[in-house]
Amino acid sequence: MSVITTKSTQPSGLSEFWYYFSRNKGAVIGLGIFLLVLFMAVFAPLIAPHDPNVPFDGMQRVPPVWSEKGNSMFLLGTDAVGRDMLSRLIYGTRFSLFIGLVVASLSAVAGVLLGLVAGYFRGRVDTFIMRVMDIILAFPSLLLALVLVAVLGPGLLNAMIAISIVNQPHFVRLTRAAVISEREKEYVVASRVAGAGTFRLMFKTILPNCLAPLIVQATLAFSAAILDAAALGFLGMGAQPPTSEWGTMLADAREFFQSSPWLVTFPGLCILITVLAINLMGDGLRDALDPKLKRS
């Protein structure tokens, strides 16, 4: 008598995630663009044809290579000082991704901790934290960031701190709502009855079940940080020259908008494409992590 054993093949979590993520074609395109930007940021010294901060004498505002007066040494032309635009744009990916990563991390860590405390303990602690977040949200984000940078002083580090504070309330409110919906469920009550302490309930029982929307929010905070940092750099309150940050490059070129339009076109396109790619990735993450969308 032969015994036939049937082995059920259940997809792993990673393959299931990729299945739902890849159904969103825009998310796949956004992921490809983001990986390209990440590659340029990591290998900028090997890819960039010139030093981004070294000007070339007599090469001020050289147009791109496809123009009549273009130079094959500078594929995207040079800026008003004579620095290679392509090299500065490639190095600019480092600053933009670094800003997005630091700001999203700071906002997420602080916001999740405050939201976890507010949602778990409720009462006066919850009221105090949420009223502070409401005050922050009452101000336009860019205006509040400008005020904070004006107090702290212009610079890339202070700009990142200001943007982190501005983006923090979104994480707080999202975490609080998720914790409130989870804290009275059966598995949490069972853990509490079994003798689990407060910190174990908060960080090991409740928080892992609230991560899906927070990951999506982190991608949105990543793209928002790049936009806000570029805006502060454009206004002269973020990264300072000669830093090859895209917003600062726009600020340096605004007086040549009509005579040398490529000086503002290329940094603007870099900001647009990078932020759009990250937002498309966020849509794909939402589709892959939201159980309601999986059932639809």
Side-chain angles (χ1 to χ4, degrees), residues 37 40-64 70-71 73-103 106 141-166 222-275:
V37 173
M40 288 192 296
V42 173
F43 298 101
L46 302 178
I47 300 174
H50 304 286
D51 190 310
N53 296 322
V54 174
F56 290 83
D57 295 334
M59 292 294 181
Q60 290 78 10
R61 290 194 289 160
V62 174
N71 191 317
M73 284 181 59
F74 313 106
L75 296 180
L76 298 183
T78 61
D79 61 6
V81 185
R83 296 169 296 193
D84 180 48
M85 282 292 294
L86 178 59
S87 301
R88 290 181 63 76
L89 291 173
I90 292 175
Y91 272 87
T93 60
R94 286 187 159 187
F95 289 100
S96 294
L97 294 185
F98 176 73
I99 291 169
L101 179 62
V102 172
V103 169
L106 290 177
S141 59
L142 184 58
L143 177 60
L144 181 58
L146 277 172
V147 173
L148 292 174
V149 173
V151 173
L152 298 173
L156 186 59
L157 177 60
N158 292 337
M160 289 190 293
I161 295 174
I163 298 170
S164 300
I165 296 174
V166 170
F222 197 108
S223 61
I226 294 176
L227 276 177
D228 290 342
L232 291 176
F234 181 78
L235 296 173
M237 303 297 286
Q240 300 297 305
T243 304
S244 55
E245 193 268 330
W246 293 334
T248 306
M249 293 174 66
L250 284 173
D252 293 340
R254 57 188 166 189
E255 59 182 298
F256 306 107
F257 177 74
Q258 293 183 337
S259 59
S260 306
W262 67 88
L263 296 181
V264 295
T265 301
F266 294 133
L269 283 176
C270 288
I271 297 172
L272 170 66
I273 293 172
T274 303
V275 171

S259 to R61 - nearest heavy-atom pair and separation: OG-NH1, 3.0 Å
Row check, F234 ring normal vs R254 NZ/CZ: under 6.0 Å, within 45°: yes
N53 CG to T243 OG1 distance, which is reported to the nearest 0.5 Å: 7.5 Å
Nearest heavy-atom neighbours spanning I271 and A230: CD1-CB, 3.7 Å
Minimum-distance pair of heavy atoms, taken over all atoms of G233 and A251: O-CB, 3.8 Å
Atom pair CG (L75) and CG (D84), whose distance is rounded to the nearest 0.5 Å: 7.5 Å
F256 atom CZ, over 12 foreign heavy atoms within 6.0 Å: yes
Straight-line distance of R88 CZ to L263 CG, nearest 0.5 Å: 10.5 Å
Separation of H50 NE2 from I90 CD1 (nearest 0.5 Å): 10.5 Å
Interatomic spacing from CD1 in I99 to CZ in R94 - rounded to 0.5 Å: 14.0 Å
Point-to-point distance, once rounded to the nearest 0.5 Å, from CZ of F266 to CH2 of W246: 14.0 Å
A159 versus L232, closest heavy-atom pair with distance: CB-CD1, 3.9 Å
Nearest heavy atoms of D252 and P241, plus distance in Å: OD1-CG, 4.0 Å
Contact summary for F222 and L97, nearest pair of heavy atoms: CZ-O, 3.7 Å
Residue among T274, V103, I163 satisfying side chain to side chain contact (heavy atoms under 4.5 Å, CB included) with I226: T274
